[in-house]
A.B. asks: 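Here's a structure for you.
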Amino acid sequence: MTQRLATEYMKAVLEIDQSEFTEFVRLFEEKEVPTEIQVLDNGDREVILFDREKEVPLTFKRVNGHYELDGSFRISDLELAGILRQALKKFKGYAIVHRIYANFTMVYHYENGVVIRISEKNRHYERVIYEYKNPAIELEKIYQRDEAEREIAVIKEQINVLLDRRIRISTDSGMLKEIDEQLMKLSRRLFALEA
């Protein structure tokens, strides 16, 4: 099995309140991962994680009564990466995470704590492995299809009116030409919608 070399958080965003901040820190303490908490002069908090003798500082800025993490960092320890993944899920975070292997990278996109897209990439290609289908977007597509059907019905009605008018006008070639041009435009649009 291919061994993961590192996990790189290209973008990690968490918004948590004071009690959630305590829960966030507790996730690491429960797994006995060494951490340090520093309270900065302006009220911001910094959680320093230790990743194989390397410090990984996570700065939570104090904004309107809650804390916001918005940063990027690289983790080598798989257990530490797993705890951060749990935190993203639990606190409904947003992230772009690269799981780096020797010959390829798996790219995970998190939205609201849920993986919405997974792709595999290397120097030569990128292919989507998984993509979350949002029911709201799918319903919107169905609605748009229904919208096309309604437009088709309107165009068919317009064509019928023009054909009736064309039958009644038999001698005025100027009017016939104008009706034929309108019929041509409507038939092209109808053809495009029905395709």
Side-chain angles (χ1 to χ4, degrees), residues 3-101 104-122 126-147:
Q3 184 176 1
R4 187 182 334 164
L5 303 175
T7 305
E8 190 164 7
Y9 289 78
M10 304 304 289
K11 175 93 170 155
V13 178
L14 281 178
E15 291 183 13
I16 54 179
D17 62 25
Q18 177 62 48
S19 65
E20 290 172 327
F21 182 83
T22 305
E23 286 180 56
F24 178 83
V25 173
R26 193 175 302 127
L27 284 173
F28 300 96
E29 290 173 349
E30 287 172 355
K31 298 289 184 178
E32 298 179 3
V33 173
T35 58
E36 280 183 23
I37 312 300
Q38 295 181 355
V39 179
L40 305 177
D41 291 337
N42 58 3
D44 294 351
R45 304 270 173 107
E46 192 167 68
V47 178
I48 299 172
L49 305 173
F50 293 92
D51 176 31
R52 299 183 185 169
E53 292 86 41
K54 179 182 75 174
E55 290 185 2
V56 179
L58 307 178
T59 303
F60 288 83
K61 294 185 186 291
R62 185 126 174 104
V63 179
N64 298 328
H66 66 275
Y67 296 100
E68 292 182 4
L69 166 71
D70 188 351
S72 59
F73 45 90
R74 186 178 178 113
I75 303 289
S76 299
D77 185 275
L78 293 179
E79 183 178 10
L80 184 55
I83 297 168
L84 284 165
R85 180 183 48 76
Q86 291 172 8
L88 274 174
K89 182 177 180 182
K90 182 173 185 165
F91 301 110
K92 301 187 183 324
Y94 296 84
I96 299 172
V97 180
H98 288 196
R99 293 183 182 175
I100 302 167
Y101 298 87
F104 64 95
T105 300
M106 298 298 292
V107 181
Y108 289 72
H109 293 260
Y110 289 84
E111 204 171 279
N112 225 8
V114 176
V115 175
I116 60 164
R117 186 170 196 250
I118 302 172
S119 59
E120 176 187 353
K121 74 178 194 174
N122 66 22
E126 182 172 356
R127 69 182 174 117
V128 175
I129 305 290
Y130 166 79
E131 193 157 23
Y132 172 72
K133 301 290 185 197
N134 186 336
I137 292 171
E138 296 303 312
L139 287 173
E140 177 66 25
K141 287 179 184 176
I142 290 169
Y143 173 75
Q144 287 174 349
R145 271 189 257 139
D146 183 41
E147 192 174 286

A.B. asks: Quick one: pull up CZ in Arg99 and CE in Met106 and give me the separation to the nearest 0.5 Å.
C.D. replies: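 It comes to 8.5 Å.
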A.B. asks: How many angstroms lie between atom CD of Gln3 and atom OH of Tyr101, to the nearest 0.5 angstrom?
C.D. replies: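 Spacing of CD (Gln3) from OH (Tyr101) equals 10.0 Å.
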A.B. asks: Rounded to the nearest 0.5 Å, what's the gap from CZ on Arg85 to CG on Leu78? Could you check?
C.D. replies: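 Answer rounded to 0.5 Å: 11.0 Å.
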A.B. asks: Quick check: closest heavy atoms across Leu88 and Ala95, and the distance to 0.1 Å?
C.D. replies: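 In this case the closest contact between Leu88 and Ala95 is CD1-CB, 3.7 Å.
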A.B. asks: If you round to the nearest 0.5 Å, how far is CG of Asp77 from CG of Leu49?
C.D. replies: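 Reported value, rounded in 0.5 Å steps: 10.0 Å.
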A.B. asks: Taking the side chain as everything from C-beta on, heavy atoms only, tell me whether Phe91 gets closer than 4.5 Å to Leu69.
C.D. replies: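 They are not in side-chain contact.
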A.B. asks: Compare all side-chain heavy atoms of Arg62 with those of Asn42 and state whether any distance is below 4.5 angstrom.
C.D. replies: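 Result no, sub-4.5 Å side-chain heavy-atom pair not found.
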A.B. asks: Rounded to the nearest 0.5 Å, what separates atom CD1 in Ile83 from atom CG in Leu27?
C.D. replies: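 Result: 7.5 Å between the selected atoms.
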A.B. asks: If I compare all heavy atoms of Asn112 with all of Tyr94, which pair ends up nearest, and what's the gap?
C.D. replies: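 The answer is N-CE2, 3.5 Å.
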A.B. asks: Please indicate whether Lys54 has more than 12 foreign heavy atoms, meaning atoms of other residues, nucleotides or ligands, lying under 6.0 Å from its NZ.
C.D. replies: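 Atom NZ in Lys54 is packed in, count exceeds 12.
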A.B. asks: Enter the distance from Ile37:CD1 to Leu58:CG here, rounded to the nearest 0.5 Å.
C.D. replies: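 That separation rounds to 9.0 Å.
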A.B. asks: Give me each pair satisfying ring pair (Phe, Tyr, Trp, His ring centres under 6.0 Å) with a member in residues 43-64, each pair once, sequence neighbours excluded.
C.D. replies: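 Listed by first then second residue: Phe21-Phe60, Phe24-Phe60.
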A.B. asks: Show me the donor-acceptor pairs within less than 3.5 Å that the side chains of residues 6-19 make with the rest of the protein, sequence neighbours left out.
C.D. replies:
{"from": "Thr7", "atom 1": "OG1", "to": "Arg4", "atom 2": "NH1", "distance (Å)": "2.9"}
{"from": "Glu8", "atom 1": "OE1", "to": "Arg74", "atom 2": "NH1", "distance (Å)": "3.3"}
{"from": "Tyr9", "atom 1": "OH", "to": "Ala81", "atom 2": "O", "distance (Å)": "3.2"}
{"from": "Lys11", "atom 1": "NZ", "to": "Asp70", "atom 2": "OD1", "distance (Å)": "2.7"}
{"from": "Lys11", "atom 1": "NZ", "to": "Asp70", "atom 2": "OD2", "distance (Å)": "3.3"}
{"from": "Asp17", "atom 1": "OD1", "to": "Ser19", "atom 2": "N", "distance (Å)": "3.2"}
{"from": "Asp17", "atom 1": "OD1", "to": "Ser19", "atom 2": "OG", "distance (Å)": "3.0"}
{"from": "Asp17", "atom 1": "OD1", "to": "Glu20", "atom 2": "N", "distance (Å)": "2.8"}
{"from": "Gln18", "atom 1": "OE1", "to": "Tyr67", "atom 2": "OH", "distance (Å)": "3.1"}

